Protein chains: 2
Amino acid sequence: MNIEHDSFPVRRRGRPCKHAADLGETRELLLRTGVELLTEQGFSATGIDQILRRVGVPKGSFYNYFKSKEAFGAELIERYRVYFLRKLERHLGNAALSPLARLQAFIADAQHGMQKFDFSRGCLAGNLGQEMGTLPETFRAQLNAVFADWQDRLARNFEVARAVGEIAENADCLRLAAFFWIGWEGAVMRAKLEKSVAPLEIFADGFFASVARR
Amino acid sequence: MNIEHDSFPVRRRGRPCKHAADLGETRELLLRTGVELLTEQGFSATGIDQILRRVGVPKGSFYNYFKSKEAFGAELIERYRVYFLRKLERHLGNAALSPLARLQAFIADAQHGMQKFDFSRGCLAGNLGQEMGTLPETFRAQLNAVFADWQDRLARNFEVARAVGEIAENADCLRLAAFFWIGWEGAVMRAKLEKSVAPLEIFADGFFASVARR
DNA sequence: CGAATATTAGACCGATCGTCTAATATTCGC
DNA sequence: GCGAATATTAGACGATCGGTCTAATATTCG
């Protein structure tokens with residue numbers, strides 16, 4: 001999710017050329033920057049002017065591409081859902097590791113990612129979930145769907161773990177996955193607050209203790 | 001934390017009487033309302049005008065009592081810390097129950113509290129922790145101290161649990177307490193989002209599974 | 001009695017947000 | 001080639017909000 005400002009062409013008023021290489025670039029850049037800022041600050045504290053300043057785009061362009069700040073937010077949530085699922089798949093789909101080791105790899109990657117950005121970035125869905133008290137009600141279903149998706153994907157991982165005997169035969173995979181994601185959001189929030197990976201590690205340890213075979 | 005608007009006397013300009021029953025009431029009311037709104041909405045999404053409208057107090061009064069919105073916020077955090085510790089003590093100090101049963105009682109009370117307010121209220125410290133990316137840096141230490149207090153209190157509960165054989169002899173009480181509060185914030189956020197106690201229950205189950213004696 | 005004190009009141013200014021018209025350049029169809 | 005249609009950038013505008021600060025006002029104090 002690195003943003004390349006250097007190669008961005010000068011923007012001119014008027015209809016763009018048919019074969020222009022930069023078609024759609026403004027919109028793309030707005031979305032990327034939006035995701036970034038929402039991951040750092042959440043929705044309410046992120047004003048449109050801040051996004052526009054960061055990208056260097058006039059307000060008219062923003063409202064040309066998005067009906068409203070709300071519509072923009074909805075697209076950001078969807079974009080983050082897809083991005084995160086892809087990242088999750090990279091780890092949970094890694095057949096070279098056992099199911100629980102795949103989850104460990106995801107956790108390690110997340111820790112590394114947070115350190116990389118000096119703990120300024122958390123989870124966009126968690127941020128927005130926390131401020132749902134003042135957000136458009138349409139976001140609620142969207143966010144719940146995001147968490148449900150992640151939950152399903154992780155539950156499938158646990159089903160494999162169960163099948164190979166890595167966790168108990170009577171384990172409720174869906175509930176386990178729910179438990180993980182519920183706690184994970186708390187851990188990410190605390191990691192941001194403390195600027196430390198400790199909360200992620202503490203949560204992971206506790207989680208794995210809860211699924212330890214016995 | 002019910003607010004009694006009915007009995008609030010008419011406020012007049014000028015220095016109040018020396019023996020007036022309502023001395024300090026305006027300030028008290030602002031603090032109460034502030035805690036309420038921060039528990040529902042967080043800091044950034046809660047504007048001063050909203051608080052003033054809810055209480056029915058002019059802006060001049062607010063800035064008479066508080067140096068700034070930041071100073072106000074700092075007092076709210078402190079107030080919440082004390083309030084919550086007291087509530088925690090009511091449960092964890094209950095000698096009629098075993099240590100783990102005390103924690104269960106706290107959890108049940110929290111579920112009941114969230115339902116009572118239709119899941120509109122979460123945890124003030126959790127809300128602010130999530131939006132720390134845009135809050136005054138002074139809040140960070142304050143919030144971390146809040147969580148550390150709660151952690152210590154719960155760890156003491158686990159030490160008793162360990163002493164009476166309710167959890168393993170080699171259990172790391174402080175780490176267990178950290179694990180609980182880390183996950184708890186995620187559970188509260190999800191309960192607010194889903195408007196359901198399910199996340200609290202799922203987290204609690206997973207937590208108790210992780211400390212089950214074995 | 002006047003000065004000091006402590007409260008309420010709200011105007012003011014700059015920043016921000018969302019809306020929306022205007023300017024502008026290319027494409028399209030006749 | 002020309003005018004209409006299209007698709008982009010630009011930023012003015014009005015309402016709201018946050019924070020500042022002067023004024024009004026009532027009681028206490030010396």
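Note that the structure is a prediction, hence the values are computed from the model and not measured. Residue numbers begin at 1 in each chain, while the letters A, B, ... track the order of the sequences.
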Using whole Å, report how far [atom1] of [X] lies from [atom2] of [N].
X	N	atom1	atom2	value
B/Gln50	D/dA15	CD	P	21 Å
B/Lys67	D/dC21	NZ	P	10 Å
A/Phe43	C/dC17	CZ	P	11 Å
A/Arg53	C/dA15	CZ	P	11 Å
A/Arg27	D/dT9	CZ	P	12 Å
A/Asp49	C/dG14	CG	C1'	13 Å
B/Leu52	C/dT8	CG	C1'	12 Å
B/Ile51	D/dC17	CD1	C1'	13 Å

When all nucleic acid strands are considered with a 4.0 Å heavy-atom cut-off, which category describes [X]: base, sugar-phosphate, or nothing?
X	result
B/Phe62	nothing
B/Gly60	base
B/Phe72	nothing

State which of [options] makes the closest approach to the side chain of [X].
X	options	answer
B/Asn64	C/dT26, D/dG18, C/dT7	C/dT7
B/Ile48	D/dG18, D/dT9, D/dA23	D/dG18
B/Cys17	C/dG10, D/dA10, D/dT27	D/dT27
B/Arg15	C/dG18, C/dT7, C/dA6	C/dA6
B/Tyr65	C/dT8, D/dA7, C/dT16	C/dT8

With a 3.5 angstrom cut-off on both distances, give the Watson-Crick or G-U wobble partner of [N], or none if there isn't one.
N	value
D/dT22	C/dA9
D/dC17	C/dG14
D/dT27	C/dA4

| remark: The residue, B/Thr46 or A/Gly56, whose nearest nucleotide of DNA chain D is more 5′ is A/Gly56
| said: Regarding D/dG19, can its base be found pairing with the side chain of B/Lys59 as donor and acceptor, where the two atoms are less than 3.5 Å apart? | reply: yes
Side-chain N or O of [X] less than 4.0 angstrom from OP1 or OP2 on [N]?
X	N	answer
B/Tyr63	C/dG10	no
B/Arg12	D/dT27	yes
A/Thr26	D/dT8	no

| Rounded to the nearest 0.5 Å, how far does NZ of A/Lys195 lie from CG of A/Asp118? | 4.5 Å
| Spacing of B/Phe158 atom CZ and B/Leu176 atom CG [to the nearest 0.5 Å] |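 Going from the CZ atom of B/Phe158 to the CG atom of B/Leu176 covers 5.5 Å.
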| said: Both A/Ala45 and A/Gly14 contact DNA chain C. Taking the nearest nucleotide for each, which residue is further toward the 5' end? | reply: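 Mapping each residue to its closest nucleotide by heavy atoms, the 5'-most match is A/Ala45.
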Assert yes or no for the condition that the ring centre distance of [X] to [Y] is strictly below 6.0 Å.
X	Y	value
A/Phe207	B/Phe179	no
B/Phe106	B/Trp150	no
B/Phe43	B/Phe139	yes

| query | Can a cation-pi geometry be assigned to B/Arg121 and B/Phe117, taking NZ or CZ under 6.0 Å from the six-membered ring centre and within 45° of the ring axis? | reply |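 Checked: cation-pi criterion met.
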